[in-house]
Amino acid sequence: MSHTGKPISGLGLDKVTDRFRESVTCDDTNKPDFRELDLGSPISPLRVRSNGPAVSSSSSSSSGSMSGRNGFNPVQKRPDSGGNSHSGELSGSVESSPTFSPGGSRGFKPGHRRSDSGSFSVGSGTVNSPAVNVLPTGNICPSGKILKTGMACRSSKTDVLGSGTGNYGHGSIMRGGGATKSGGDAAANSPVRKVMSGVNPEELKRAGNEHYKRGQFEEALGYYDRAIAASPGNATCHCNRAAALIGLKRLSEAVRECEEAVRLDPGYVRARHRLGSLLLSLGQIENARRHLCFPGHQPDPMEMQKLQAVEIHLNKCTIARKNDDWTCALSECDSAIASGANASPQLFACRAEALLKLQRLNDADLSLSNVPEFGTSSHFCSQTKFFGMLSEAYLVFVRAQICMALGRFEAAITSAEKAVQIDARNIEVSLLLNKVRSVARARDRGNSLFKSEKFSEACAAYGEGLRFDSSNSVLYCNRAACWSSLGQWEQSLADCNKALGIQPNYTKALLRRATSNSKLHRWADAVRDYEVLKKQHPHDTGIAESLFHAQVDLMKSRKEDVSNMKFGGEVELVSGLEQFRAAISSPGASVVLFKTESNPQCKQISPFLDTLCSQYPSINFLKVDVEESPGIADAERVNNVPTIKIYKKGNRVKEMVCPSPKVLESSVQHYS
């Protein structure tokens with residue numbers, strides 16, 4: 001029956017028949033109940049048995065169905081220029097997943113062709129079958145069930161989703177109501193298999209790729225995890241997961257994923273290239289070369305250039321370290337990092353070691369804190385050696401040295417013992433452990449003697465520790481305390497200078513040196529040390545008082561008047577002009593607040609000035625009410641309130657109108 005194209009009023013019998021026929025016909029162009037046909041689906045093609053008799057043919061096709069071997073074979077490999085082609089792999093920027101099919105299209109065996117009428121030609125014979133009896137690949141309802149038209153299939157066998165056993169992949173449609181069991185019922189009936197059996201890993205991988213393109217690495221990782229759970233043997237999913245992990249800076253896991261991809265497919269060039277680049281950034285030169293220079297594949301010239309540059313600088317660094325040329329070692333280490341090994345924990349540790357040997361302890365400690373975290377990724381990485389010791393051992397080896405230099409002796413012993421556990425055969429590691437233990441014992445013995453007020457014996461104990469570690473600032477500072485207690489100020493000063501030469505910001509050593517200078521009447525040196533301490537600890541009243549007395553003694557030594565100098569006290573209220581001029585002419589700096597009682601901003605800043613007075617006792621703080629003392633305001637040309645003026649020896653050195661508390665305190669600290 002054909003349509004005439006003329007309008008028909010009502011719903012006639014012919015129209016009903018046509019609509020019924022269309023409702024039971026399933027073709028490739030009109031499938032409103034399903035998603036767009038996905039040729040990348042791992043589901044094997046299925047042909048439902050027809051109602052009529054089986055048609056025999058000279059081909060190997062089974063009667064009434066199209067064999068899965070005529071479609072896509074999941075284990076079949078496709079050649080490309082690099083060895084293997086992987087659907088949906090990420091190369092640089094993420095590529096969208098191509099059709100998952102051999103040779104670029106879902107084809108049939110040579111000699112087979114598909115006709116438009118739904119029949120298949122096999123050799124010279126033809127197998128005719130109505131289109132209603134053929135279901136295309138991936139024809140699964142959103143609910144996970146297989147479409148069945150009811151009137152077209154009378155097979156007594158049920159169609160089920162395979163669990164990945166035998167020649168079927170996850171989600172393959174299998175005949176006969178069951179799957180071949182392998183390894184027992186537990187594996188086939190596991191919860192993961194049941195949940196993932198209806199999931200298409202290619203769709204999950206494509207979704208992960210889309211999130212990766214947008215820089216949404218966590219979301220992409222989630223999709224790749226699900227794809228791997230559905231298809232654990234998919235090398236591309238592991239390689240793409242590594243790319244997402246790199247974006248999240250989880251390099252150790254990324255290395256493991258690349259290694260898994262290579263294990264699954266040794267000829268997977270993209271995975272080898274990604275693994276080689278990762279290992280190069282980690283400073284693993286030989287391991288990186290093994291993957292970048294893959295036999296039968298031309299290596300990337302840019303990566304090879306980076307590898308050669310890192311290798312040259314690393315070799316020079318090794319030689320410099322062996323010769324104790326730490327300036328050269330530091331330079332070559334920085335060059336190796338800049339050349340491409342910018343994620344190597346060992347190179348950052350080497351940088352910290354060089355800074356320590358150059359007596360830049362604070363810089364060494366900072367560099368060590370910036371060492372990239374990287375766990376043991378594989379057997380190859382864990383067995384790589386740096387400067388003759390295993391790479392993991394070298395990291396804790398450097399940490400032990402820096403902890404010992406900073407006086408963290410317990411942590412130093414723990415790190416040294418761990419280094420020995422990792423690389424027990426290395427002589428340098430064993431020597432360090434003996435050294436750390438000897439220095440720690442000497443420090444403990446010296447501390448015990450000092451507490452017992454046996455200062456001479458304590459000096460000897462600290463000196464014994466310095467025989468093992470001649471650049472230990474903590475032992476020098478402790479021995480300086482012993483010399484101070486014995487009244488031997490010159491020896492104390494000498495040990496403080498040695499400690500500060502190693503660790504310039506060592507507060508205890510700086511304080512003991514200031515005390516020693518005061519005892520030796522070297523007032524200018526004492527004031528200089530106390531001023532440094534005051535900047536480091538602006539709210540320490542003890543340091544402020546010591547600075548004040550050192551300033552007074554320095555002025556006395558210069559025959560200057562100190563009669564009006566006082567330490568601490570309250571803010572002075574000034575009302576007369578003569579009183580004001582005498583106050584600002586006193587030794588030291590004077591900070592004056594010009595205010596009125598009614599001004600809201602003056603009410604806010606006045607209490608803050610009281611706080612500063614207690615924090616900076618060596619400075620004179622004054623308040624002038626311009627309404628009660630207009631003569632002072634006129635003499636000092638005060639036109640706005642609140643106004644802050646700072647004087648030294650009667651001369652104005654700074655003026656601020658309505659300053660913020662932060663600006664005011666900064667100025668007070670500068671002139672203190």
Side-chain angles (χ1 to χ4, degrees), residues 245-246 248-255 278 281-284 310 313-314 317 321 326-327 329-377 381-382 384 386-387 389-423 428-429 432-433 435-436 439-440 469 471-475 477 499-510 536-537:
L245 289 167
I246 293 172
L248 294 170
K249 310 298 183 186
R250 291 158 60 177
L251 302 187
S252 177
E253 296 173 71
V255 169
L278 266 173
S281 70
L282 295 169
Q284 306 280 348
V310 172
H313 291 301
L314 190 55
C317 180
R321 183 181 183 275
W326 295 107
T327 301
L330 178 62
S331 175
E332 293 299 332
C333 187
D334 287 339
S335 297
I337 293 172
S339 297
N342 54 2
S344 172
Q346 288 74 24
L347 283 174
F348 277 91
C350 178
R351 190 176 189 278
E353 184 183 27
L355 290 168
L356 173 65
K357 299 298 183 180
L358 293 171
Q359 296 189 348
R360 294 167 56 182
L361 182 54
N362 293 332
D363 293 335
D365 189 31
L366 179 62
S367 183
L368 185 65
S369 66
N370 292 329
V371 171
E373 293 186 5
F374 187 80
T376 303
S377 61
C381 290
S382 63
T384 302
F386 267 77
F387 312 125
M389 68 183 74
L390 293 176
S391 57
E392 288 184 77
Y394 180 66
L395 292 176
V396 287
F397 173 83
V398 174
R399 183 175 289 110
Q401 294 182 76
I402 293 178
C403 286
M404 181 172 64
L406 291 170
R408 306 168 188 161
F409 292 101
E410 290 75 14
I413 292 174
T414 301
S415 295
E417 288 175 344
K418 185 176 180 180
V420 170
Q421 290 174 1
I422 297 171
D423 195 354
E428 195 173 2
V429 170
L432 176 65
L433 177 59
K435 177 180 178 180
V436 171
V439 173
D469 184 10
S471 59
N472 194 288
S473 59
V474 175
L475 295 181
C477 188
L500 290 167
I502 300 167
Q503 193 176 353
N505 295 325
Y506 195 177
T507 300
K508 284 185 178 180
L510 193 61
Q536 293 177 353
H537 308 278

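Residue indices begin at 1 and follow the sequence shown. Worth saying up front: this structure is predicted, and the values here are computed from it rather than measured. Side-chain atoms are counted along with the backbone in the values below, which use heavy atoms only and exclude waters and symmetry mates.
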Whether Thr414 side chain and Glu410 backbone form a donor-acceptor pair below 3.5 Å: yes
Nearest heavy-atom approach of Phe348 to Asn342 is CE1-O, 3.6 Å
Rounded to the nearest 0.5 Å, the SG atom of Cys333 sits from the CZ atom of Arg321 at a distance of 11.0 Å
Considering all heavy atoms of both residues, which atom of Gly340 and which atom of Val310 are nearest to each other, and what is their separation? N-CG2, 4.0 Å
So, using side chain to side chain donor-acceptor pair (under 3.5 Å) as the criterion, who are the partners of Asp363 when residues are at least two apart? Arg360
So does Leu366 get a backbone contact from the side chain of Ser369, meaning a donor-acceptor N/O pair under 3.5 Å? yes
Is there a side chain to side chain contact (heavy atoms under 4.5 Å, CB included) between Val255 and Leu282? Walk through the geometry before answering. CA-CA 10 Å; Val255 169; Leu282 295 169; 4.0 Å; yes
Specify the closest pair of heavy atoms between Val398 and Ala349, including all atoms of both residues, with the distance to one decimal. CG1-O, 3.5 Å
OG-CD1 distance between Ser415 and Ile402, expressed to the nearest 0.5 angstrom: 10.0 Å
List for me each residue that meets side chain to side chain donor-acceptor pair (under 3.5 Å) alongside Glu332, sequence neighbours excluded, and say none if there are none. His313
Pair Lys418-Ile422, side chain to side chain contact (heavy atoms under 4.5 Å, CB included): steps then yes or no: CA-CA 6 Å; Lys418 185 176 180 180; Ile422 297 171; 4.2 Å; yes
How would you list, by chain and number, every residue that makes a salt bridge (Lys or Arg N to Asp or Glu O under 4.0 Å) with Arg250, sequence neighbours excluded? Glu253
Leu356 versus Trp326: any side-chain heavy-atom pair under 4.5 Å? no
Can you measure from OG (Ser339) to CG (Asp334) and round to the nearest 0.5 angstrom? 10.5 Å
Passes side chain to side chain contact (heavy atoms under 4.5 Å, CB included), Cys350 versus Phe386? Steps please. CA-CA 9 Å; Cys350 178; Phe386 267 77; over 6 Å; no
Asn362 side, atom CG; Ser367 side, atom OG - distance, nearest 0.5 Å: 12.5 Å
State, yes or no, whether a side-chain contact exists between Gln503 and Leu406 at a heavy-atom distance under 4.5 Å. yes
Could you tell me if the side chain of Glu417 sits less than 4.5 Å from the side chain of Ile413, heavy atoms only? yes
Are side-chain heavy atoms of Leu245 and Leu251 found at a separation under 4.5 Å? no
Between Leu361 and Ser473, what is the shortest heavy-atom contact and its length? CD2-OG, 4.3 Å
Could you grab the distance from atom CG of Leu433 to atom CD of Glu428, nearest 0.5 Å is fine? 13.0 Å
Which pair of heavy atoms, one from Leu347 and one from Ile337, lies closest together, and at what distance? CB-CG1, 3.9 Å
Is the closest side-chain heavy-atom distance between Thr507 and His537 below 4.5 Å? yes
Met389 CE to Gln346 CD distance, which is reported to the nearest 0.5 Å: 11.0 Å
Contact summary for Ile502 and Asn472, nearest pair of heavy atoms: CD1-N, 4.2 Å
Do Tyr394 and Pro345 have side chains that get closer than 4.5 Å, going by heavy atoms? no
